[in-house]
Amino acid sequence: MNTVQERVKTDIEHRPHVLLMEDEINIAKGLEMVMRDEGLEVDIAITGQGALDKFRVSEFDLLVADLRLPDMDGMEVIQQVREKRPNTHVVIITGYPSVSSAVQAVRMGVSDYLRKPFTEDEFRKAVKSALQQREKESMEELIVETQKERLIQKEEVIRVLERAYQDGEFWRELMENGSEALKAYRLSRKAKAAILSGDLDWIRKNVGELSEEQLSFIYKRLEREAW
């Protein structure tokens with residue numbers, strides 16, 4: 001079995017892992033039951049900090065996030081997750097929808113935005129759609145197995161880093177909007193994640209040694225306070 005076949009087999013056997021961030025216990029238990037009935041593995045966090053703590057120790061395919069929490073703004077949690085774990089998709093559930101939060105959700109690449117009260121069917125469809133989108137993106141990464149695509153990835157990462165160094169406006173856009181700023185580049189999810197999280201080890205391994213100027217954005221990412 002070659003590398004591509006092994007990765008496909010792993011993706012097929014993978015059981016999606018969801019973190020539900022919801023402080024109303026009755027709602028959380030009900031949504032947990034819906035997702036478990038769909039064969040998903042579910043963890044629950046009743047605070048924003050609790051959700052961030054779980055992300056420190058576990059990988060999640062999907063974050064289902066309420067916005068009004070007892071300790072912090074749910075959008076702040078989502079932003080930190082999207083910066084640190086760009087591969088994690090997000091579905092927002094909120095009883096207090098607003099235009100500003102909806103616009104912010106779009107900018108951060110949130111998969112869906114559900115207004116409470118919603119039906120079980122609406123919730124089930126939103127979760128399923130987000131996970132299917134993630135699976136599609138994961139499968140698309142298989143193209144990077146070819147030498148040609150690996151070379152393209154290397155060139156694209158260098159283009160992004162050089163532009164960030166030379167273009168202050170792009171630097172700010174990349175820092176504030178994350179994946180949205182990288183849409184024009186032919187980058188795999190792993191390459192995007194490395195740039196946005198400041199993964200210097202991945203960049204050196206897959207791109208090679210770069211100049212201090214080219215790495216200036218990565219260094220700035222690494223200076224950000226750890227979770």
Side-chain angles (χ1 to χ4, degrees), residues 18-22 45 48-49 51-52 55 59-69 71-116 118 122-123 125-138 140-141 156-157 159-161 163-199 216-218 220-227:
V18 181
L19 177 60
L20 172 60
M21 185 174 69
E22 168 63 69
Q49 188 58 55
L52 294 176
F55 267 98
E59 292 283 344
F60 294 95
D61 300 289
L62 176 66
L63 170 64
V64 177
D66 191 10
L67 295 183
R68 184 161 292 192
L69 302 167
D71 61 335
M72 61 194 301
D73 185 352
M75 277 296 186
E76 183 181 343
V77 177
I78 294 170
Q79 183 173 358
Q80 291 192 47
V81 169
R82 293 293 290 165
E83 288 178 355
K84 195 72 174 180
R85 301 281 189 271
N87 290 339
T88 303
H89 280 238
V90 180
V91 169
I92 287 176
I93 54 174
T94 180
Y96 303 91
S98 67
V99 173
S100 61
S101 65
V103 170
Q104 189 176 359
V106 170
R107 288 176 176 171
M108 289 192 293
V110 169
S111 298
D112 214 330
Y113 185 105
L114 295 180
R115 295 164 173 80
K116 298 177 181 177
F118 44 78
E122 289 173 333
F123 178 71
K125 286 180 179 178
V127 169
K128 183 178 181 180
S129 176
L131 290 172
Q132 286 178 337
Q133 182 182 355
R134 187 184 189 283
E135 180 181 355
K136 178 183 177 182
E137 291 170 350
S138 295
E140 287 175 349
E141 287 187 355
E156 288 291 86
V157 170
R159 281 182 62 206
V160 169
L161 296 179
R163 183 181 174 190
Y165 172 67
Q166 297 170 2
D167 185 342
E169 184 176 345
F170 178 67
W171 175 296
R172 288 190 294 273
E173 183 183 1
L174 191 57
M175 189 69 73
E176 295 173 4
N177 298 328
S179 296
E180 190 72 18
L182 297 176
K183 281 188 173 181
Y185 295 89
R186 187 173 176 176
L187 294 167
S188 69
R189 298 284 292 185
K190 287 182 179 179
K192 289 181 181 179
I195 293 171
L196 298 177
S197 66
D199 190 341
S216 57
F217 180 83
I218 302 302
K220 179 59 67 174
R221 274 298 191 193
L222 293 174
E223 287 175 5
R224 294 175 69 95
E225 184 177 354
W227 288 5

I'd like to know if the side chain of Tyr96 pairs up with that of Ser101 as donor and acceptor (distance under 3.5 Å, no hydrogens or angles considered).
no
Look up atom [atom1] in [X] and atom [atom2] in [Y], then write down how far apart they are to the nearest 0.5 Å.
X	Y	atom1	atom2	answer
Ser197	Lys192	OG	NZ	13.5 Å
Leu114	Asp66	CG	CG	11.5 Å
Ser111	Gln132	OG	CD	11.0 Å
Arg221	Leu196	CZ	CG	6.0 Å
Lys220	Ser216	NZ	OG	9.5 Å

Indicate the atoms forming the closest heavy-atom contact of [X] with [Y], along with that distance.
X	Y	answer
Leu174	Ala164	CD2-CB, 4.3 Å
Ala194	Ile218	O-CD1, 4.3 Å
Leu52	Met72	CD1-CE, 4.2 Å
Leu69	Gly74	CD1-CA, 3.9 Å
Asp71	Gly48	OD1-N, 2.9 Å
Val157	Ala191	CG2-CB, 4.1 Å

More than 12 heavy atoms of other residues, nucleotides or ligands under 6.0 Å from [atom1] of [X]: is that the case?
X	atom1	value
Gln166	CD	yes
Phe170	CZ	yes
Lys128	NZ	no

With side chains defined as the heavy atoms from C-beta onward, is the minimum distance between [X] and [Y] less than 4.5 Å?
X	Y	answer
Tyr185	Lys183	no
Val90	Met108	no
Glu59	Arg85	yes
Phe217	Ile195	yes
Ile92	Met75	yes
Val64	Glu22	no
Gln80	Phe55	no
Lys190	Asp199	no

Between Leu63 and the options Met21, Arg82, His89, the side chain to side chain contact (heavy atoms under 4.5 Å, CB included) test singles out Met21
Thr88 meets the side chain to side chain donor-acceptor pair (under 3.5 Å) criterion, sequence neighbours left out, with none
Going by an N to O cut-off under 4.0 Å, is there a salt bridge joining Arg172 and Glu169? no
**Prompt:** Do any N or O atoms from the side chain of Glu156 and from the backbone of Leu187 form a donor-acceptor pair under 3.5 angstrom?
**Reply:** no
Residues pairing under salt bridge (Lys or Arg N to Asp or Glu O under 4.0 Å) where one sits in residues 99-115, two or more places apart or in two chains, turn out to be none
